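Keep in mind that what you see is a predicted model, and the values were worked out from it rather than measured. All values below were derived from every heavy atom in this structure, side-chain atoms included, with hydrogens, water molecules and symmetry-related copies excluded. Chain A is the first sequence line, chain B the second, and so forth, proteins listed ahead of strands; every chain is numbered from 1.
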There are 2 protein chains.
Amino acid sequence: MQTSWEEPPERGRPRRSGADEAILKASRELMFEHGYAGFSMDEVASRAGVGRQSVYRRWPSKAALVVASMTWTFDSPDVFKDTGSFEGDLRAGLAIMRDLYGQSSTDIFGDVYFAMASDSAARELFNRNYVAPRRESLARAIERAIARGELREETDAVIVSDMVSGPFLYRILIGDYELNDSLVNAIVEGVIKVFGTGQTTDVVTPPSGT
Amino acid sequence: MQTSWEEPPERGRPRRSGADEAILKASRELMFEHGYAGFSMDEVASRAGVGRQSVYRRWPSKAALVVASMTWTFDSPDVFKDTGSFEGDLRAGLAIMRDLYGQSSTDIFGDVYFAMASDSAARELFNRNYVAPRRESLARAIERAIARGELREETDAVIVSDMVSGPFLYRILIGDYELNDSLVNAIVEGVIKVFGTGQTTDVVTPPSGT
DNA sequence: TGAATAACGATACGAGAATACCGTATTGTT
DNA sequence: AACAATACGGTATTCTCGTATCGTTATTCA
């Protein structure tokens, strides 16, 4: 995954190797310790052992750095893996999302979305590093489902993406942060009933949340 | 609607009448003119003709003020009016939301969500002034639908709310801001197929977007 | 070998948010 | 009439983001 905002130039003194990772690591730690508003770029720089200008050389804003550090080294973005049926793929992906967002420090994710919304560079990083790979993973699952005859050929992957991810985002940002299985079931049922052909395949149920 | 963050005390010199509205109006105007990052609390205060401290006496942060001013004097929060059928109620409410968010200056709403997410006071104001009334409006529509026999009795109003509002929020914050009728249709179809009884009532179609 | 380029840490700076005061003004209570 | 409480406009202060600039250092190219 691309970490810094822009590729460094090829001429001149090269950037110190390992500095990118040190900065990302420091930003991530400080996010979990103090949240977005609770730390400064000075602290990031000093914890990473670099000058502050070296941070701004790699990311154009605090928001962009935070988004980069929080979308860095997430598990495989291919969350909607092939389980043999579309419902299984969908449930597997949603189980991953539910476990991720359902863990203790939920305010963190609100902070990340806040950072994302506040800055165009952060928004672009968020799309590139997080949203796009997951969208593509879902699009592949939809293609498999169409090939299997589970979904109709004209299924709109963008709308499915909205229907799948939207309610999660809504709960995290606005709702009471409780991500339960009822919501997952409703989403799965809704998508399949709207875009399905009626033909189903046996489902391998994913394990319930940790 | 309650405007300022906390009720003023009952003792001592009373707050200048009209100042609340002047501040909200100034904040709103500046939001439409320059966006969230494009104006300062000094400008709000001077345009409203008050001291800056008088602004902070009423709202604890810029984010809270912006949320209060942008959720102030919206049209009736009862967006899911009784049209005779649940599908009609839902389509009417979604048409209002689509027209609202679909209008030209969409970045404004991104800014509002950003402000909302960045501050706990702003979040609380947003819930109190905006989300809660619309949630209740939808809950009433669901109750009517259950009474008519269109929805099952165990329909979970919170989940329906997530399924209805989530995709819209997702498109505004993360998607390409294009709120089209395909999305509305998929949402309506999804909710009714998941929670419906199969019994339907004739739909009065709302006018399509401006 | 020398010039060009760009990173490095460090520091100064301007802008704006939020807080803390100042003296003054306005209300209700004693 | 005196007093407590609070609002008022105004100003100073602190904090942090983001930009600019310093002299130094490392690397590539001619």
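Residue-environment remark: CD (A:E153) stays at or below the threshold of 12 foreign heavy atoms within 6.0 Å.
Judged as a side chain to side chain donor-acceptor pair (under 3.5 Å), and not counting sequence neighbours, the contacts of A:S69 are A:S27. Remark: B:D89 engages B:T83, B:R144 in a side chain to side chain donor-acceptor pair (under 3.5 Å) (not counting sequence neighbours).
Counting 5' to 3', DNA chain C first comes under 4.0 angstrom of a heavy atom of chain A and last does so at the ends given by C:dT5 to C:dA12.
Axis angle between the ends of the helix from C:dT1-D:dA30 to C:dT30-D:dA1, five pairs each and rounded to 10 degrees, works out to 0°.
Under the 6.0 Å distance and 45° angle rule, A:R134 counts as a cation-pi partner of A:Y130. A cation-pi contact, defined as under 6.0 Å to the ring centre and within 45° of the axis, links A:K62 to A:F39.
Of the residues in residues 43-58 of chain A, A:G49, A:V50, A:G51, A:R52, A:Q53, A:S54, A:R57, A:R58 come within less than 4.0 Å of DNA chain C through at least one heavy atom, sorted by number.
The main-chain N or O of B:A64 is never found under 3.5 Å from a side-chain atom of B:D119 such that the two would form a donor-acceptor pair.
Using a 4.5 Å heavy-atom threshold, the side chains of A:R140 and A:F80 count as separate. Looking only at side-chain heavy atoms (C-beta outward), B:I187 and B:F168 come within less than 4.5 Å of each other.
Not less than 6.0 angstrom separates the ring centroid of B:F114 from the ring centroid of A:Y113.
Between B:E21 and B:K25 there is no salt bridge, since no side-chain nitrogen of the basic residue lies less than 4.0 Å from a carboxylate oxygen of the acidic one. A salt bridge does not link B:E43 with B:R47: every distance from a Lys NZ or Arg NE/NH1/NH2 to an Asp or Glu carboxylate oxygen is 4.0 Å or more.
The distance between atom CE of B:M41 and atom P of D:dG9, rounded to the nearest whole Å, is 14 Å. Atom pair B:R16:CZ and D:dG10:C1' shows a separation of 14 Å (rounding to whole Å applied).
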Output a table of nitrogen or oxygen pairs between the protein and nucleotides 27-30 of chain D separated by less than 3.5 Å.
none

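Counting only N and O atoms by type, the side chains of A:R91 and A:N185 include a donor and acceptor under 3.5 Å apart.
No option in A:R58, A:R57, A:R15 other than A:R58 meets the salt bridge (charged side-chain N to carboxylate O under 4.0 Å, His left out) test with A:D20.
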